[in-house]
Structure formats: C-alpha cells, structure tokens
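Take a look at the structure set out below.
Each chain gets a letter, A, B and so on, in the order the sequences are listed, and its residues count up from 1.
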2 protein chains.
Amino acid sequence: MQHCYIYMKKLLKNKKIRETSFRLEVLKVLSENENPISMDYLEQSLPKFDRITLYRTIKTFLDKGLIHEVLIAGESKKIALCSVECNEENHIHHLEHVHFFCENCKETFCLEIEKVPTIIIPNHSINSFEIQAKGICQNCK
Amino acid sequence: MQHCYIYMKKLLKNKKIRETSFRLEVLKVLSENENPISMDYLEQSLPKFDRITLYRTIKTFLDKGLIHEVLIAGESKKIALCSVECNEENHIHHLEHVHFFCENCKETFCLEIEKVPTIIIPNHSINSFEIQAKGICQNCK
DNA sequence: ATGTAAATGTAACAATGTTGCATTTAATAA
DNA sequence: TTATTAAATGCAACATTGTTACATTTACAT
C-alpha cells in the first residue's frame, strides 16, 4: 500500500498537481477501481472529506489530464484514471481506448482495442475522438 | 409551416406517441434546429410551457426513440432528433452517425460519415456504438 | 524557517432533474 | 356526438448535482 502512495505521488508530480492528503485519497479510490466510477460513488467513498473540495479536485484532475469523463447515454457521468499517455494538451486517452457499457450488468468499462479505424469527416479536421459501445461484456456472455 | 406540423404529427403517430400541442411545440423547436440543443435552450424557447412537463416529454421522446442524447465531455447534455431509422428497440441512430464538437465555435453537430469502421472488442458483443469527435468544423476552417 | 500562492471548509446559492397529486386532454367505445 | 378512461399536464415541493465567495489552512520554493 505504501508503494501505491509513492506511485500516486509521482503521478501528481508528473501532472504538476500539488500534493495534498485529500488528493491522494481521491487518487486512491480511483486507482482501486478498475472501471469508471460515478461522482456519487466517489463521494460515498470519502465520507470524512468535503463535497465541494471533491468537485474542485475532480475539475483540477480533469484539467490536468489525470482523469477523463466517461459519458454513456442514459447513464450518470463517470470518471476514470487516464492511461499514462494523456497530458494537458490532449485529454483524450489513447486512440485504442473504448468506453463499453454492458446492457446486462450495467457496468461501464474502459477497454483497449487493437485495430482502431481511421475516421474521416469531409471538410472537418479531427483532433481526437472517442468511441462509446454498448453490448454484452465478457463476464455476462 | 402547416406542412411542417403535418409531418410532425406523422412522426408522433409513427412512434406511437400521443399527439398534444405541447409535444408539437417541442418537436417544432427540435426540427427548427439542425444541430443538437441543450435542455436550457429548449426551455427558453418554450417560455409559456411548464418545465416539468418538458422533462417528461423529453423522457418520452427518448424512450420512444424519437430523439437521442448527445454527450460531449465538458459540454452540457444536448438532444437532437433521431434520423428516421431509429426505433424503440435501437435508440442509437444509424452507424454512420457521428457527434462532432468544434473546438473553435463550440458548436455540436450530428454528422453522417460514409465509411464506418468495424469495431471489434475481443470476447464482447457490440450491439451499437457511437463516435464522438472533436476538432475544427467546416465553417471554422 | 518563512512568505506566498494554492487548497480547503463552510455557507449560501444556482442549475438540473424528480415525485405526488389534482386537473385537463386525447383517443376509444357507445 | 357524447361518455369513458387512461394518459398528459401544471403546480408544489423536493432531491440531486454543481458553483461562488470568503476566511482559514497547507504545500512548497526561497
């Protein structure tokens, strides 16, 4: 666990985010959950901390590219740790990154896929894109 | 304009949604706006109508597959009319449908693209997917 | 060790979305 | 056409989600 904190401190430093005990706790919850989590879940997981500070922390983490939002139609907003390739200029994770929503267990996953299509929209320049997929996950099949 | 109402009445009938003056007004605003609009904009556009009823109307339209949500990270939730192919079983519009957010003018667009990639996630079955792209739109280039 | 800018906690507020219930309306049958 | 009835609406009250202002505390560079 101690090792975990060392890793998280390094994460904050790399993203130029000031290290505080609150932020380490938020990071801890995020890193303990493999899948994207809701603000509500995060709030419940940090009962002794302030809700307003949590919102500000999340905003900072988003701005600095440490976490990303996962938006699935009909589902509440979720957040997840970015893969290491994210940075302040490009908040969108690796192109192989897909958000998958299982219509059976209602769980949301961040997945990596091998072959990513090239998407071309005539007369538009695409800086980044995300893919949201719905279906049945590995566990539910 | 009269013709417009006839078309909208047909739309409601096709989706088995009871026709009311309120719903026709909501549909009118939606069809007058080519791009997805926010709930706030919709509310402002219907000043003499009730906010609660609007939320219920939108829920009904979503459930029946008449409209779809457009979620872009960092942007407020928007809604747009579905293409005619949508139905109650498959709320996700045509596969060629892409949500495009212009980072210059901050406008959101529903676009159709010609070549849609096949997305394969090992051990998962995909029922539908959406693509969210960010970049610079036609007008801003 | 100290100064300073950033982060936090509290309170008050704003925006967004929901529930219960009485009334009105649309669609069906008589 | 009218009566019936289930659905839609409007109102009030409430729940959830997110923000702003400001005084206090903390991190960290010197």
Would you kindly give the [atom1]-to-[atom2] distance between [X] and [N], to the nearest whole Å?
X: Glu69(A); N: dG18(D); atom1: CD; atom2: C1'; value: 12 Å
X: Lys59(B); N: dT9(D); atom1: NZ; atom2: C1'; value: 17 Å
X: Lys78(B); N: dA15(C); atom1: NZ; atom2: P; value: 17 Å
X: Asp50(A); N: dT24(D); atom1: CG; atom2: P; value: 17 Å
X: Arg23(A); N: dT25(D); atom1: CZ; atom2: C1'; value: 14 Å
X: Leu46(B); N: dA8(D); atom1: CG; atom2: C1'; value: 16 Å
X: Glu75(A); N: dT16(D); atom1: CD; atom2: P; value: 18 Å

Would you say a side-chain N or O of Thr53(A) is under 4.0 Å from OP1 or OP2 of dG9(C)?
yes

May I ask you to evaluate whether Tyr55(B) reaches the phosphate of dG17(C), defined as a side-chain N or O under 4.0 Å from OP1 or OP2?
yes

Look at the aromatic rings of Phe100(B) and Phe109(B) and report parallel, tilted or perpendicular, splitting at 30° and 60°.
tilted

Only counting residues at least two apart or in another chain, list the ones meeting side-chain contact (heavy atoms from CB on, under 4.5 Å) with Lys13(A).
none

[X] near the nucleic acid: base, sugar-phosphate alone, or nothing, with a heavy-atom cut-off under 4.0 Å?
X: Thr60(B); answer: nothing
X: Ser21(B); answer: nothing
X: Arg51(A); answer: base

Proximity to the side chain of Ile52(B) - top-ranked nucleotide from dG9(C), dA12(D), dT8(C):
dA12(D)

Side-chain donor/acceptor of Arg56(B) to base of dG10(D), under 3.5 Å:
yes

Out of Asn35(A), Ile37(A), Leu30(A), which one pairs with Asn33(A) under the side-chain contact (heavy atoms from CB on, under 4.5 Å) rule?
Ile37(A)

Residues Lys134(B), Glu103(B): salt bridge by 4.0 Å N-O rule
no

Carboxylate-amine/guanidinium proximity below 4.0 Å for Glu32(B) and Lys28(B)
yes

Can you find a heavy atom in the side chain of His68(A) that is under 4.5 Å from one in the side chain of His99(A)?
yes

Are the side chains of Lys77(B) and Leu71(B) in contact, using a 4.5 Å heavy-atom criterion?
yes

For Ser31(B) and Met8(B), which heavy atoms make the closest approach, and how far apart are they?
OG-SD, 3.8 Å

Looking only at non-hydrogen atoms, find the nearest pair between Cys137(A) and Cys102(A) and report the distance.
N-SG, 3.4 Å

Which residues within residues 36-45 of chain A lie with some heavy atom under 4.0 Å of an atom in DNA chain C?
none

The helix from dA1(C)-dT30(D) to dA30(C)-dT1(D): angle between its terminal axes, five pairs each, to 10°?
40°

With sequence neighbours excluded, what pairs up with Phe101(A) under the ring-ring contact (aromatic ring centres under 6.0 Å, His included) test?
none

By nearest-nucleotide position on DNA chain C, the 5'-leaning member of Phe49(A) and Lys77(B) is Phe49(A)

Polar pairs (N or O, both sides) under 3.5 Å between protein and nucleotides 28-30 of chain D?
unit_1  : atom_1 : unit_2   : atom_2 : d
dC28(D) : OP1    : Glu19(A) : N      : 3.0

Name the atoms and distances for all side-chain donor-acceptor pairs under 3.5 Å in residues 43-55 of chain A, with sequence neighbours left out.
unit_1   : atom_1 : unit_2   : atom_2 : d
Ser45(A) : OG     : Tyr41(A) : O      : 2.7
Asp50(A) : OD2    : Ile52(A) : N      : 3.3
Asp50(A) : OD2    : Thr53(A) : N      : 3.2
Asp50(A) : OD2    : Thr53(A) : OG1    : 3.2

Euclidean distance, Lys9(B) NZ relative to Ile17(B) CD1, rounded to 0.5 Å
15.0 Å

